[in-house]
Amino acid sequence: MKKPKKSKSARRYPLLDRLVVLRPRLSAFMLDWASWGYVAYGVMYLLNKYWYLRYVNFYGRLTLPAWAWPVVILATFELVMLSHASGQSIGLNLFGLKLLGPDYAPPTMRQRLHRYVALHLKLPFQPLVLFSDRPLGMLLHDGERAGCMFQVARIKDDLPPEKPGRWYLTYRGLCLAGLFGLTFWLGWKITAINLQMLVDRVSKSSHIWHDLFTPSFTYLTESVNERGHLYSITYYMMETIFMAFFATVTGAIVAFPISFLGARNIMGFNAVGWLIYSVMRTLFNALRSIESILMAVLFAVWVGFGNPFAGALALFLHTIAALGKLYSEQVEAVDPGPLEAIAATGARRWQVVIYGVIPQIIPSYLAFTLYRWDINIRMATVIALVGGGGIGTLLFYFKNEVGRLDDAWNQVGAVIVAIVIIVWILDYISARVREKIG
Amino acid sequence: MMDDLIRIEHLTKIYERGEVLALNDVSFTVKRGEFLVLLGLSGSGKSTLLRCINRLIEPTAGTIIFDGIDVTRASSRQLRQIRRRMAMIFQQFNLVKRSTVLTNVLSGRLGYVSPAASAIHKFSKQDIDMAMADLDRVGIPEQAYKRADELSGGQQQRVGIARALMQQPDLLMADEPVSALDPATSHSVMQHLETMNREDGVTVIASLHFLSLARRYGTKILALKDGEIVFEGLPTEIDEARFMEIYGEEAKEVEVR
Ligand SMILES: Nc1ncnc2c1ncn2[C@@H]1O[C@H](COP(=O)(O)OP(=O)(O)OP(=O)(O)O)[C@@H](O)[C@H]1O
Ligand SMILES: [Mg+2]
């Protein structure tokens with residue numbers, strides 16, 4: 001198959017096949033458009049930062065006039081067409097497309113120009129391609145004059161072997177390096193990184209540093225203010241540890257059985273199994289993406305601000321989602337051989353789970369649970385920020401008393417020391433236990 | 001016919017993924033007490049055939065009659081009852097590595113025991129005695145409380161055989177039971193299969209890679225090539241020409257003694 005022949009018979013390929021063929025091109029187009037848009041945004045942001053454009057308001061924000069947006073959009077669109085006509089773009093590269101002549105030769109300048117013009121002239125009619133009767137390889141103004149957009153995966157056996165060059169000299173390498181550089185530059189500016197400031201401000205903040213490093217343990221065992229329901233560091237330490245412990249244990253107990261519902265190999269390949277699997281996985285992912293400190297906002301409103309129950313509930317819920325996902329991935333990774341062997345003896349499906357799956361996953365379950373316990377301890381120390389209870393209650397209390405109490409920073413220092421020590425000890429213990437299991 | 005344990009008619013299996021025609025209209029019967037050896041190159045469909053018989057994979061078309069029961073039409077409950085009468089052993093042994101040998105052997109009994117008791121790993125005294133007796137029979141009684149992955153390959157396959165014995169099966173299917181073992185161990189494992197066949201009257205279907213083993217243990221041979229039967233007959237009927245036909249022109253006979 002050197003030259004795709006034009007077919008006379010109308011519509012030989014189903015619509016779905018056309019979509020499958022067209023999808024990578026559409027994806028490449030959208031990706032390139034997005035990346036050019038990103039470049040445009042980055043350049044405008046940086047211009048604004050360095051040279052204060054005409055359209056900068058009082059606060060230094062970029063306020064383009066209304067007509068500028070269509071211009072930017074069209075200009076980036078034009079850039080995409082240019083790069084696609086030249087056959088060089090990140091999108092084409094990533095979606096495995098290559099612009100070549102019909103004989104697999106590199107596209108000539110003429111073909112590129114022809115393609116560039118054709119892209120413009122035929123743009124309004126592109127949707128019609130879904131109903132055209134052209135062979136699949138020739139969809140979208142492919143032809144002798146404009147070159148062909150080949151899917152590399154389909155023709156790679158016929159292509160002459162490429163000699164490996166230096167990756168950073170390829171178009172893709174240059175583009176990725178450019179995008180990375182732009183992102184780094186933008187990141188530097190947007191996060192207001194200023195190394196000079198680090199040095200300049202040392203003297204101004206030195207008294208705070210001094211206070212922080214001379215912690216005062218007045219409230220180590222003594223309550224701060226019983227009537228205001230503020231107790232001692234030890235009291236809150238206990239609250240923190242037990243909050244994390246309770247959330248981890250109950251979360252793990254709930255996550256254990258439902259993790260099987262989120263495992264592809266257990267749920268089977270019928271429609272019902274697939275539905276349950278998808279629902280569980282979506283649920284895990286959705287819940288997991290909400291940090292427990294955000295959930296704690298909700299629960300603190302529900303059960304009371306500063307109530308450790310709120311923090312425990314938030315950690316519990318997040319633990320279920322996080323462990324549920326990790327557990328079900330473990331279930332999916334078990335060796336299928338023994339399961340097959342047990343099923344072949346006439347065992348029921350849940351017997352296969354008990355005798356085949358569970359023994360295989362126990363060690364990694366324990367490791368994951370301990371790891372989760374680490375995370376929960378850390379989160380429990382700061383969840384008080386939103387009223388979740390625990391040691392953070394004191395931390396944020398003293399931090400807020402800075403103007404009113406003379407030794408506020410010393411107290412903050414004491415709480416931080418307590419947190420660091422506890423986290424360090426529990427980390428060490430769980431690392432040792434995990435070592436033992438693994 | 002009552003002395004047919006298995007009758008397979010027009011069995012076809014197409015793997016949707018990859019669109020492979022793994023079995024193409026295969027029909028044959030296996031008599032009670034037979035030791036049938038499956039031969040064929042890698043990819044000829046031996047494993048597929050065995051797994052279709054107990055429906056570890058679903059056949060695309062055709063029927064499988066086991067002792068007068070249509071396996072292909074069985075409900076999941078019937079299928080479990082059929083499966084406990086047909087044991088299977090595997091090339092990779094397929095033991096649960098982190099469980100003890102005894103638990104692995106006992107799991108062969110899961111089709112029979114009361115579900116509630118098995119949920120908490122409780123087996124009757126009878127079953128445990130039976131498991132110990134079976135381990136004794138395959139020559140590794142002292143390994144009962146070790147973890148399965150502490151055993152050598154040959155020992156693991158014997159655990160597999162003990163697990164099969166627990167089912168008190170009518171049919172034993174062995175998918176390349178000795179491919180991962182050295183020649184001496186191969187023979188001892190094959191001899192256990194032979195004993196089951198001769199003394200317990202268990203019908204055996206085993207896929208093997210060595211013609212010498214097939215000749216030594218088989219009472220009948222079935223050869224597959226690209227999912228079709230290319231030879232069916234007695235072990236003595238396979239000569240040089242037949243061998244070439246099964247394994248291709250390049251093949252040379254290798255012996256295991
Ligand atoms: N799960 C699967 N999905 C798709 N194709 C498969 C699958 N399993 C097997 N096949 C294909 O089916 C054909 C028969 O495979 P099968 O495993 O039955 O052969 P075999 O005779 O047991 O080979 P071997 O001696 O290597 O075990 C092969 O072409 C294989 O690639
Ligand atoms: Mg096989």
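Most heavy-atom pairs under 4.5 Å with chain A: of the set B:Gln92, B:Met86, B:Arg84, this distinction falls to B:Arg84. In terms of heavy-atom pairs under 4.5 Å with chain A, the best-connected choice from B:Ala87, B:Ser118, B:Ser76, B:Ser99 is B:Ser118. Annotation: maximal heavy-atom pairing with chain B below 4.5 Å, among A:Ala347, A:Pro336, A:Pro363, A:Gly356, occurs at A:Pro363. Of all the listed residues (B:Asn94, B:Val113, B:Leu79, B:Ile89), the one sharing the greatest number of non-hydrogen pairs under 4.5 Å with chain A is B:Asn94.
At least one cation-pi condition fails for A:Arg288 and A:Phe284: the charged atom is not both under 6.0 angstrom from the six-membered ring centre and inside a 45 degree cone around its axis. Both the sub-6.0 Å distance and the 45° axial angle are not jointly satisfied by A:Arg434 relative to the ring of A:Tyr371.
In this structure, chain A has a heavy atom under 4.5 Å from the side chain of B:Arg51, while its backbone stays farther away. With a 4.5 angstrom heavy-atom cutoff, B:Leu56 touches chain A only via side-chain atoms. Contact of B:Gln167 with chain A is made through the side chain alone, with heavy-atom distances under 4.5 Å. For a residue to count as touching a neighbouring chain, one of its non-hydrogen atoms must lie under 4.5 Å from one of that chain's; by this rule B:Arg163 touches chain A with the side chain only. Interface remark: B:Met173 contributes no atoms to any contact with chain A (heavy atom separation under 4.5 Å). In this structure, the portions of B:Ala119 lying under 4.5 Å from any heavy atom of chain A include both its backbone and its side chain. Heavy atoms closer than 4.5 Å to chain A are found nowhere in B:Pro169, neither backbone nor side chain. Both the backbone and the side chain of A:Ile354 come within contact range of chain B, each with at least one heavy atom under 4.5 Å from a heavy atom of that chain.
Classification of the A:Tyr365-A:Phe260 ring pair by plane angle, with boundaries at 30° and 60°, yields tilted. Ring geometry for A:Tyr355 versus B:His121: interplanar angle under 30°, hence parallel rather than tilted (30 to 60°).
Going from atom CE of B:Met196 over to atom CZ of B:Phe35 covers 10.0 Å, rounded to the nearest 0.5 Å.
In the model, B:Asp70 has no side-chain atom that pairs as donor or acceptor with a side-chain atom of B:Thr63 under 3.5 Å.
Across A:Ile320 and A:Ile258, no two heavy atoms sit closer than the pair CG2-CD1, 3.9 Å.
Remark: B:Arg32 does not engage B:Asp170 in a salt bridge, criterion side-chain N to carboxylate O under 4.0 Å.
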